[in-house]
Amino acid sequence: RVAADGARGVAALRRVEAILRNPETYRLADAIPDADHTCGGRRRDYPAFMVIVYEALISVYGSARQVEAELGHRLVWRLVQRLVKKRTGVALPGRPMRRHHYLYLRNTYLTRPDVLVELGRIHRDASAAQAVDIGLLDPDGPGSWTRPDRSRLLYGDGKVITPLYKAHAGDTRLDKTTGELRPVRFEPDGALHFEGTGETAWGTKWVLVACRSEHERGRMILDVDFVPQPGGEAAVAMGCLERTAPLTPGAQAVVYDTALRGVHHQQILRHLGLIPINRVAAAKAGAKTPRRDKAERRTEKSTVIEAKTITRPDGTTETITLYARAGALGIGRLTDDGEHHFDELRRTHTIRRADKAGTYRWYNEYALPDDLGGGKITVRLHGDGQDTKRKLNRTENLRPIPPSDPEFADLFRRRNDAESINRNLDDTLFLRRAHSVGHRRQLVNLLGYALMVNSLTVLEHQARSGRSPDLLAA
C-alpha cells in the first residue's frame with residue numbers, strides 16, 4: 001500500500017474531526033423520526049444527528065462510557081461545538097452530551113426495524129457515492145474484464161463478534177445467600193458458527209462488504225448485515241452484493257472466500273454482471289501439516305466441462321475433451337504409464353455480453369497448444385439448461401480467473417484486507433466483546449463503525465488532494 005505520510009497512527013481527535021466533517025453523518029439523521037409532542041414531553045436537548053456522532057465515537061474511544069468522559073472535557077466539547085457550527089450552523093448546548101442521552105435515542109429510535117432499514121439504505125448510497133468520489137469503483141477507471149483493476153473490486157467476509165456476556169440461554173447462577181438459581185444475562189441472538197478452518201465461534205455473525213484504494217487508510221465499508229442463523233453467511237453476503245452492485249456500476253469483480261459456491265457464482269455472473277474471484281473448494285481437504293503420502297494430500301476438484309471440435313491449420317478436425325481442475329480449464333491426456341495428465345489452457349480474454357433481459361453471458365477465450373494447431377477456443381463460463389440436464393455445476397468447477405492465472409494472486413490479495421477489517425473491528429471493541437446486546441443494537445454499532453472508517457478515508461483523501469481544511473481552522 002501507498003502510505004500518505006509514511007507509517008503513522010491516527011489521533012483520536014482526527015477521527016472525531018472526520019466524523020463531524022462527513023456529510024453522511026448528517027444524512028443518517030434523516031432516518032430518525034421527529035418526537036411526537038402532541039401529548040406533551042420535553043424537547044430534545046441535542047439535534048438528532050448527535051446520536052449518530054455519539055455512535056460513531058464509540059468506535060473511536062471503545063465504549064459509550066468513555067465517549068461521555070471524552071466529551072466531558074471542555075476542549076473536546078468546544079471542538080465538537082465549533083465543527084458542528086461550521087458544518088450545520090447549529091449551536092450545541094454548553095453542557096456536553098452524555099451517555100443517557102445516547103441510550104434513550106438509540107433504544108427508542110435507532111433500533112426500530114423501519115429506522116434500521118433506512119439507516120442501511122442511506123449508508124449504502126452515501127458510501128458508494130463517496131467511494132466513487134475518491135477514485136474507487138469508477139466506471140471509466142482502469143482495468144478490463146480480462147484484467148480487472150483492484151480499485152474496482154468489491155470484497156467481503158463474515159465476522160463473528162464475541163457477545164457481551166459469556167452465558168447462553170438457559171444458564172443459571174446460584175445465589176449463595178438465598179440458595180436460588182437465578183437466570184443470568186446472555187446474548188439472545190448468539191449462535192455457534194463454523195469457520196472455514198473448521199473451528200467454531202460463539203456469537204453474532206455479520207457480513208461486511210467493502211472496497212479500498214492503494215493508499216494507507218483507503219478503505220470504504222459499503223454494507224453490513226446480520227447473519228440470523230448458522231450456515232446463512234452466503235445468502236446474507238449475496239443480499240449485500242445485490243444491494244450494493246446497482247450503486248457501484250464501476251465494479252468489475254467480487255472477492256470472497258469459499259462460503260460462496262457455484263450457485264452464488266452463477267448469480268454473480270448472470271444477474272450482477274461481475275466476476276467472482278474465488279478459490280475452488282477441494283474435493284478432499286489435505287492434512288494441516290505436510291504429508292508424503294499422496295492419500296493425505298489435498299485433492300483438487302476435477303470434472304469434465306464439455307467437448308469441443310477444433311480445426312487444425314491443415315483443415316482437419318478433432319474433438320477434444322475439456323476438463324476443469326481447481327477452477328482452471330485444460331485438456332486431459334494419457335501419459336505413457338497410463339496416468340491422466342491435466343494440461344492447463346492459458347486464458348487470453350474474458351468477455352461479458354449483456355442480454356436484453358438485463359442478465360449477462362460470460363465467455364473465456366483460451367489459447368490451444370501448438371500440437372493442436374495453436375489458435376483459440378471460446379468456452380462459456382455461466383451455467384445454462386444443458387448443464388442442468390447433464391447435472392454439471394459449471395460455475396462451481398470453472399472460474400473466470402482461476403487461482404493458477406497470473407492475474408489471480410494480485411486480485412485475491414484483497415482477501416487480506418477483509419481479514420484486516422475483522423481485526424480492526426475487534427480493536428474497537430472493549431475487551432473485544434460486543435458493545436451491546438441483541439443484533440439490532442449491534443447493527444447500529446457496526447453502522448457507526450463503518451461511518452468512522454469511511455469518514456477517516458474521505459478526510460485522508462481530501463488531505464492528499466489539498467481539499468481538507470486544518471483542524472484548528474474550523
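All residue numbers refer to positions in the sequence shown, counting from 1.
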*Asks:* For the residue pair C211 and L153, establish whether any side-chain heavy-atom pair is separated by less than 4.5 Å.
*Replies:* no

*Asks:* Would K205 and E233 pass as an ion pair if we require N to O under 4.0 Å?
*Replies:* yes

*Asks:* Indicate yes or no: does K166 engage D171 in a salt bridge with an N to O separation below 4.0 Å.
*Replies:* no

*Asks:* If the threshold is 4.0 Å, N to carboxylate O, is there a salt bridge linking R423 and E419?
*Replies:* no

*Asks:* According to side-chain hydrogen bond (donor to acceptor under 3.5 Å, both in side chains), who are the partners of S455, at least two apart in sequence or on a separate chain?
*Replies:* N22

*Asks:* Should F186 and Y165 be marked as a ring pair (Phe, Tyr, Trp, His ring centres under 6.0 Å) after you check the CA-CA gap, both sets of side-chain angles, and the distance that decides it?
*Replies:* CA-CA 5 Å; F186 64 95; Y165 304 114; 8.8 Å; no

*Asks:* For F342 and L329, which heavy atoms make the closest approach, and how far apart are they?
*Replies:* CZ-C, 3.6 Å

*Asks:* Holding to salt bridge (charged side-chain N to carboxylate O under 4.0 Å, His left out), I want the full list of residues that pass it with D45, two or more places apart in sequence or in another chain.
*Replies:* R42

*Asks:* Any carboxylate oxygen within less than 4.0 angstrom of a Lys/Arg side-chain nitrogen, looking at D149 and R152?
*Replies:* no

*Asks:* Please enumerate all residues that pass side-chain hydrogen bond (donor to acceptor under 3.5 Å, both in side chains) together with R353, with sequence neighbours excluded.
*Replies:* none

*Asks:* Salt-bridge test for E460 and R14: reply yes if a basic N is under 4.0 Å from a carboxylate O, no otherwise.
*Replies:* yes

*Asks:* Does R440 pair with D189 as a salt bridge, N-O distance under 4.0 Å?
*Replies:* no

*Asks:* At their closest point, which heavy atom of A324 faces which heavy atom of N397, and how far apart are they?
*Replies:* CB-O, 3.5 Å

*Asks:* Is there a side-chain contact between I134 and M220, using heavy atoms and a 4.5 Å cut-off?
*Replies:* yes

*Asks:* Which ring-ring contact (aromatic ring centres under 6.0 Å, His included) pairs, counting each pair once, include a residue from residues 400-428, with sequence neighbours left out?
*Replies:* F408-F412

*Asks:* I'd like to know if E242 and R124 make a salt bridge, using a cut-off of under 4.0 Å between side-chain N and carboxylate O.
*Replies:* no

*Asks:* Please report the shortest heavy-atom distance between I421 and Y449, naming the atom on each side.
*Replies:* O-OH, 3.7 Å

*Asks:* Less than 6.0 Å separating the ring centroids of H435 and F430?
*Replies:* no

*Asks:* Heavy atoms only: give me the nearest Q252-P148 pair and the separation to one decimal.
*Replies:* OE1-CA, 3.1 Å

*Asks:* Does this structure show an ion pair linking R347 with E407, if we count only N-O contacts that are shorter than 4.0 Å?
*Replies:* no

*Asks:* Could R325 and E300 be called an ion pair, given the rule that one side-chain N must be under 4.0 Å from one carboxylate O?
*Replies:* no

*Asks:* With sequence neighbours left out, what residues match Y61 under side-chain hydrogen bond (donor to acceptor under 3.5 Å, both in side chains)?
*Replies:* none

*Asks:* Tell me whether R65 is salt-bridged to E68, with the criterion being a basic N under 4.0 Å from an acidic carboxylate O.
*Replies:* no

*Asks:* Tell me whether E214 is salt-bridged to R150, with the criterion being a basic N under 4.0 Å from an acidic carboxylate O.
*Replies:* yes

*Asks:* So R346 and Y366, do their side chains get closer than 4.5 Å, heavy atoms only?
*Replies:* no

*Asks:* More than 12 heavy atoms of other residues, nucleotides or ligands under 6.0 Å from CZ of R390: is that the case?
*Replies:* yes

*Asks:* Provide the closest heavy-atom pair for L429 versus I161 in the form atom of the first, atom of the second, distance.
*Replies:* CD1-CG2, 4.0 Å

*Asks:* Can you find a heavy atom in the side chain of E70 that is under 4.5 Å from one in the side chain of L57?
*Replies:* no

*Asks:* Is there a donor-acceptor contact under 3.5 Å linking the side chains of T204 and Q442?
*Replies:* yes

*Asks:* Of the options T303, L269, V379, which is the one that meets R394 in a side-chain contact (heavy atoms from CB on, under 4.5 Å)?
*Replies:* V379

*Asks:* Just checking W202 against H168, ring centres under 6.0 Å apart?
*Replies:* yes

*Asks:* For residues 218-277, pull every pair meeting ring-ring contact (aromatic ring centres under 6.0 Å, His included), keeping only residues two or more places apart or in separate chains.
*Replies:* W206-F226, F226-H439

*Asks:* Determine the minimum heavy-atom distance between G273 and R352, stating which atoms define it.
*Replies:* O-NH1, 2.9 Å

*Asks:* Would you say D34 has more than 12 foreign heavy atoms packed within less than 6.0 Å of its CG?
*Replies:* no

*Asks:* Considering only NZ, NE, NH1 and NH2 on the basic side and carboxylate oxygens on the acidic side, decide whether D405 and R399 come within less than 4.0 Å.
*Replies:* no

